[in-house]
Amino acid sequence: MRTIMANGADLHVAVSGPETGPAVVFANSLGTDLRVWDGLIPHLAPGLRLVRYDKRGHGLSQETSGPYGIEMLADDAAALISALGLGRVVFVGLSIGGLIGLSLAARHPGLLAGLVVSNSAARIGDAAMWNARIQAIRDEGLASIAAPTMERWFSPAFRAKGLDAPWRRMLARQPQGGYVACCQAIAGADLTDAARALDLPVQVIAGGLDGSTPPDLVQATAALIPGARFDLIADAAHIPCVEAPAAHAAILNRFFKDIGHV
Ligand SMILES: O=C(O)CC1=CCC(=O)O1
């Protein structure tokens with residue numbers, strides 16, 4: 001367990017792999033912490049320096065007062081990459097992590113060798129939808145949104161086996177203020193122009209059964225980004241690193257190899 005002070009917030013990080021290996025930084029989704037990548041790690045190519053972190057207001061990272069903005073969360077990631085002396089990294093962002101990655105690539109291009117935008121889009125939902133979710137959480141707490149959230153996160157087959165249970169607990173245990181502040185960041189984020197202007201290797205990944213960022217939305221974002229690759233994991237929903245870790249890792253490994261980040 002390690003924390004790093006980055007951009008004014010104490011961020012929880014987990015670092016593994018050889019110190020001199022090419023670095024990959026993983027940013028997870030709303031309502032999850034860095035354990036969401038645990039099942040993916042064993043499928044990744046050897047020799048990489050792997051850095052997972054809890055964004056501000058999630059997991060064991062500091063919950064500063066909100067609202068947050070995507071630019072602030074991107075600057076947190078930039079400060080973390082610099083503080084750890086990682087050189088140019090591939091940034092893998094899941095959902096809000098993808099928004100953070102798009103903003104990071106626009107604001108700090110020199111830090112990135114490549115970007116993976118997984119189950120994310122240049123714009124996710126709209127202000128009315130996020131405000132309704134924030135109100136429900138303030139009225140009834142995070143556990144009250146767990147059932148519909150599991151339906152967006154995981155496929156019917158995964159849920160039928162009860163495999164969503166630990167992730168439901170993870171959601172309910174996130175700091176409520178941090179979750180709300182990240183909803184506010186998503187509500188205010190439109191990375192459309194930033195996506196169009198990107199000039200780095202980008203891999204976009206969608207889940208065929210994703211109820212939060214449906215595949216058409218994700219593919220439309222891939223179409224904005226010059227030269228971006230797009231892959232679909234047909235039988236996974238919003239969190240393929242949990243539901244289909246081997247398939248998710250295979251796409252990442254191919255991207256790392258193709259861009260020489262090995
Ligand atoms: O709808 C959800 O809870 C999933 C989600 C949207 C943005 C994000 O990071 O996760």
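Numbering of ligands and ligand atoms starts at 1, following listing order.
- Legend: residues meeting side-chain hydrogen bond (donor to acceptor under 3.5 Å, both in side chains) with His12, ordered by chain and number and at least two apart, are Asp54.
- Within the 3.5 Å criterion, the main-chain N or O of Ala237 finds a donor-acceptor partner in the side chain of Glu243.
- Residue contact check: Arg152 has heavy atoms under 4.0 Å from atoms 1 (O), 2 (C), 3 (O) of ligand 1.
- Heavy atoms of Arg133 come nearer than 4.0 angstrom to ligand 1 in at least one pair.
- Counting heavy atoms under 4.0 Å from ligand 1, residue Ser212 touches it through the side chain alone.
- Within ligand 1, counting atoms from 1 as listed, the ones closer than 4.0 Å to a heavy atom of Ser29 are 9 (O).
- Below 4.0 Å from some heavy atom of Ser95 lie the following atoms of ligand 1, by number and element: 5 (C), 6 (C), 7 (C), 8 (C), 9 (O), 10 (O).
- Although no hydrogens or angles enter the test, the distance criterion places no donor-acceptor pair under 3.5 Å between the side chain of Gln62 and the main chain of Gly57.
- Proximity of a side-chain donor or acceptor of Arg107 to a complementary backbone N or O of Ala78 within less than 3.5 Å is not detected.
- Under a 4.0 Å criterion applied to the non-hydrogen atoms of Trp153, ligand 1 contributes the atoms 2 (C), 3 (O), 4 (C).
- Interface atoms of ligand 1 facing Leu30, defined by a heavy-atom separation under 4.0 Å, are 8 (C), 9 (O), 10 (O).
- For Arg254, the CZ atom counts as densely surrounded, since its 6.0 Å shell holds more than 12 non-hydrogen atoms of other residues, nucleotides or ligands.
- Atoms of ligand 1 found under 4.0 Å from any heavy atom of His238 (numbered from 1 in listed order, with element): 4 (C), 5 (C), 10 (O).
- Judged purely by atom type and a 3.5 angstrom limit, Gln203 has no side-chain atom pairing as donor or acceptor with the backbone of Leu252.
- For residues 111-123, every residue pair satisfying the side chain to side chain donor-acceptor pair (under 3.5 Å) rule, not counting sequence neighbours, is listed here: Ser118-His248, Asn119-Asp210.
- In the vicinity of Ile186, heavy-atom distances shorter than 4.0 Å reach the ligand 1 atoms 7 (C).
- Heavy-atom contacts of Ile96 reach the following atoms of ligand 1: 8 (C), 9 (O) (cutoff under 4.0 Å).
- Looking at Thr213 against ligand 1, nothing comes within 4.0 Å, counting heavy atoms.
- Side chains of Asp75 and His108: a donor on one and an acceptor on the other come within 3.5 Å.
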